[in-house]
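The first residue in the sequence is number 1, and the count goes up from there. For the numbers below, each heavy atom of this structure counts, side chains included, while hydrogens, waters and symmetry mates do not.
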Amino acid sequence: MKGLAYNIPTPASSSHILPINKVVYSSTQRELFTAGRDGSVKVWEEERCLKTRPIRNQSVFTTNNPQEEALKLETSISGSPVPFQRNGGGLKIKESYNIHNDWVNDIQMVGDLLVSCSSDLGIKIISPNGAVANLQNDHRDYIKRICYDNNELISGSLDKNIIIHDLEKLTARAKIMETQGIYALSACEYLIAAGGQNVVNLYDSRSQMKIRSLIGHQSTIRGLIQDANYLITASSDTTIKMWDLRTFKVYKNFDIHDYPVWALEGDSNCFYSGDRGGNIVKTDLSNMFANKNESDFNSNFNFNFTTNECASIDEKLGVSTIVAKNDSPILSICHNEDSIFISDYDSLTRYVNPDTSTLAQYQFLKTCLDYSPSDEMDEAQPNDDLNSMFHDLVSHLSVDSDNELQSNYSVEQAEPAESYISMFLNVNGGPSIEFVNAYQSDLTVADECVDTTPIEILLNPTDQITPIPFNLKPISRYEIVPLSVVSKRILNNKRQIMALYLNGDIRMWDILICKELKKFPSRQEKLLTGKELEFRIKEMDDLVQKYQSSDTLNNWCEVEIKAGKLLVTVKETSVMNVEIYYDDMVKDYPYLAIDHPETIRRMGNHKTIVGDDDRFHLGLILLNSIFHGYAMVEWVFDELLREELGKQEARSTPVGPLNEFISISEESLAKSLPQYNDSIMSLLQTNKKLYLEKPKESVLRVNHVNPCLGIEGGDDELRYFPVINANHFPSDMKVTLFEYSPELGNYRDLSYFKISDIDNLPDFPQQDLINELRCLLPRWIGQPILYNRFNVKESPKITFRLLEVDYFKLPPSIKIGGKSQRKIKSLPALESSIKLTSHNMLRVSKILQFLTDKFESSTKEMKDKKLKPTDWLVLECKGQELSNSMTLQTIKTRVWKSSTDIELRYRRRLDT
């Protein structure tokens, strides 16, 4: 089943209104891309560049002597701050794409394309020119991650499926069935890694065969980094592991976080990680043997270590630096040479990126010089006879430590250990025992953003070390704008809604045209929490009662809070549920009046008579309005089609959209299009068959909704169909066609377009968009907008009785309008009770008209006075005088409040 959806606009804001799930930096474009939980993707560019501050220590090796080079590095490091340079400044949003109706979970750069995936089960491709394409996919639950390898896009979902997509055809090429929901995904050289609850599964993308399971983590895998030889995994169990993909064993463990690791980015030379506690850590592995080849400068030292010795040394290597400490969990990280960009629950933040290359070089040389084969004596050796999977589990759970090294220093020292501060961590856990900062107090801050305290190489290990971050504060910070919706109330007329925003504002919106009607600003400048939220919700409820209408109607649409915004969804089962009376419609939408210039232009010379009691379906108004431009295109196309098919001579080889449409067969369409039989294309193909038999007048009825197109007998009276011009909708209002079913975990996004795009179709034909609408729009939309055919549901029936007010039963003391009830002029005698049944939308005014027709003698009297029935008759229910616009449904629900037949009592107005 398919439906339509559109967002009620967020109050003007260029920034994200909910946290950012993913940040990506493009070094070629020098732009930052962000994917938000508000369903938007934004492109950021630098407003300006700050003055370059190059204070890097550049180490150049001039000898083959490792001792000499290590001494040079030690001299360079000691007493100097961590090198850095800061070229970046502020950011500003360059482009904003509101293309998803739910969280955007991931984005990836694929060449010059930007690809996004979302919890709305959609994958979008944004071109450099801003065009957005929808990638067809078969996921049935939230799409959490995407990656790119060998010209193919790979997506992973909570539905336990990995899908490999062909980006040229925009279709799925292959599917891999997983055993767990996918939270992390990576691929390199046809090897796909999928992280789930606590296992990483490896697959061959060519054969879709499973290669191996990597077991070792104890909680959800949240991040993956992959290259040809190594895979780095980050988990909510607080650990990070580096796996050798040649042996499928853990090559190195990192115990640098005390909280679940939620963000991971980088490569096997250097990676950046962020945790739930707000800590951002940079780990420099550039000088591990695992990352070296013969062209590296360190090969000149010719240490001649064996493979096992290299692995043993690598276990001790890695410079981890505490980049910054945030107050909120880290959701995503990316970096360039100078800066680190992070997103958390509150903001997008930019930090200075410390240069740790010199420290890594020194650590490598010093570890190699100090290495002794005896260091490996206590390491467990693999037993080839053990089951490999069991050995993986046991060995991966073990974490090497430096306990032996630390135990050489007795706690019974004569002098107390010195205390230090340090921005460095030991990769095996705890503060670094190699590098610390020189001073713990009386710091002289040379830069307002970073800690420039000099570094000291620690010769005497101590446990009196306090961790500090490198960044004192961000270079720039962009707060999440608190304009997400936290609560809503739909009014009884089903056309208006009250929404409460996180900043405390209450706004009243028109659902049909997405227009703000009223605003009630918050009296305090802070986000709503706890009791403030409860109090403001109560205030919103009071406002709802103040502006509440007396209507009692069913739902013609649903309004949900998704991605912090109000999402309106329209489905076939409810679209024709609600009608609106002409006078109410014109009061709220004056441009729909029969004598308004916009309506006159659409009606042409045709006459239309409309009364206040005429009713119109809200859903039909919406469909005819949204697809007005598209319907006009099909009307013109239909005329050309009939003209072409009516030609006697043989048609030439298909050229252009018209001849392509004529030549294509239904059989080929049925094979290539999913749900072809429920598409507008199938309706148009049926038209073609009719015209082939005998070209005749159009079977379309677009001209009945838009009479200015002209039909024979142009002066004939036609039924009036209201159509809202596109200029009354928000200029950037987008409409999404979605698929839904009980098996899907959410609405699955199928197509995306703007009302302005469709409205401009007659003047600026876009054949790709037209074909997309033909193939995807279902029949329940095509029938009303093209053929003026729609299923009208029979209104529920309500039974009521009419009786005259018994004035004598009223207390004598009660006077109405200054007259005693006994002196009120009586009405003509009727039967004691009139029992009637009518549709639930019957108005009080119509019931009074019925009574007037019954009072023949009084009717003439009142006609002579030129009085309407509502001028001299009153209807009551349970002693309450009813307004003339109230319907039976409203009376039954709000006044009678019983399942029994309604009793309505009538009387003459006193002034008549």
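Shown here for A193 and Q226, the closest heavy-atom pair between the two residues is CB-OE1, 3.7 Å. Between V427 and G318 the shortest heavy-atom distance is CG1-O, 3.3 Å.
Not a single donor-acceptor pair under 3.5 Å links the side chain of R145 to the backbone N or O of I154. D275 places no side-chain N or O within 3.5 Å of a backbone atom of I330 that could act as its donor or acceptor partner. Put simply, the side chain of K241 never gets that close to the backbone of T233: no donor and acceptor are under 3.5 Å apart. Between the side chain of N353 and the backbone N or O of N336 there is at least one donor-acceptor pair closer than 3.5 Å. Distance alone, capped at 3.5 Å, places no donor-acceptor pair between the T356 side chain and the L359 backbone. No donor-acceptor distance shorter than 3.5 angstrom exists from the side chain of S312 to the backbone of N308, with no hydrogens or angles considered. Here the side chain of S347 pairs no donor or acceptor atom with the backbone of E479 at under 3.5 angstrom. A donor-acceptor pair under 3.5 Å links the side-chain atoms of N105 to the main chain of I143, judged by distance alone. Checked by atom type and distance alone, the side chain of K252 pairs as donor or acceptor with a backbone atom of L317 at under 3.5 Å. Within the 3.5 Å criterion, the main-chain N or O of P454 finds no donor-acceptor partner in the side chain of S80.
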- [ ] Just do the side-chain contact (heavy atoms from CB on, under 4.5 Å) check on L32 and L348 with the steps written out, would you?
- [x] CA-CA 11 Å; L32 187 73; L348 169 69; 3.9 Å; yes
Task: Check against side-chain contact (heavy atoms from CB on, under 4.5 Å), S273 and I240 - done: CA-CA 9 Å; S273 52; I240 298 173; 3.7 Å; yes
TODO: Under the side-chain contact (heavy atoms from CB on, under 4.5 Å) rule, what do L231 and D244 come out as? Steps first, then yes or no, please.
DONE: CA-CA 7 Å; L231 176 70; D244 190 329; over 6 Å; no
- [ ] Evaluate the criterion side-chain contact (heavy atoms from CB on, under 4.5 Å) for residue pair Q208 and Y203; output intermediate values, then yes/no.
- [x] CA-CA 6 Å; Q208 295 89 57; Y203 298 90; over 6 Å; no
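Taking the ring centroids of Y478 and W44, they lie under the 6.0 Å cut-off.
For F33, there are no ring pair (Phe, Tyr, Trp, His ring centres under 6.0 Å) partners at least two apart in sequence or on another chain. For the ring pair (Phe, Tyr, Trp, His ring centres under 6.0 Å) test, no residue two or more places apart in sequence or in another chain qualifies with Y183. Remark: D149 engages no residue in a side chain to side chain donor-acceptor pair (under 3.5 Å) (not counting sequence neighbours). Judged as a side chain to side chain donor-acceptor pair (under 3.5 Å), and not counting sequence neighbours, the contacts of N21 are R37.
For the pair K249 and Y251, the cation does not sit on the ring face, since its NZ or CZ is not both under 6.0 Å from the ring centre and inside 45° of the axis.
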Counting only pairs under 3.5 Å, give me each side-chain donor-acceptor contact of residues 467-476, with atom names and distances, residues two or more places apart or in other chains.
residue: N471; atom: OD1; partner: V352; partner atom: N; Å: 3.0
residue: N471; atom: ND2; partner: V323; partner atom: O; Å: 3.0
residue: N471; atom: ND2; partner: V352; partner atom: O; Å: 3.0

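The existence of a salt bridge linking R350 and E46 is confirmed by a sub-4.0 Å separation between a basic side-chain nitrogen and an acidic carboxylate oxygen.
Each ring-ring contact (aromatic ring centres under 6.0 Å, His included) pair with one or both residues in residues 331-350, not counting sequence neighbours, appears once here: Y25-F341, Y272-H335.
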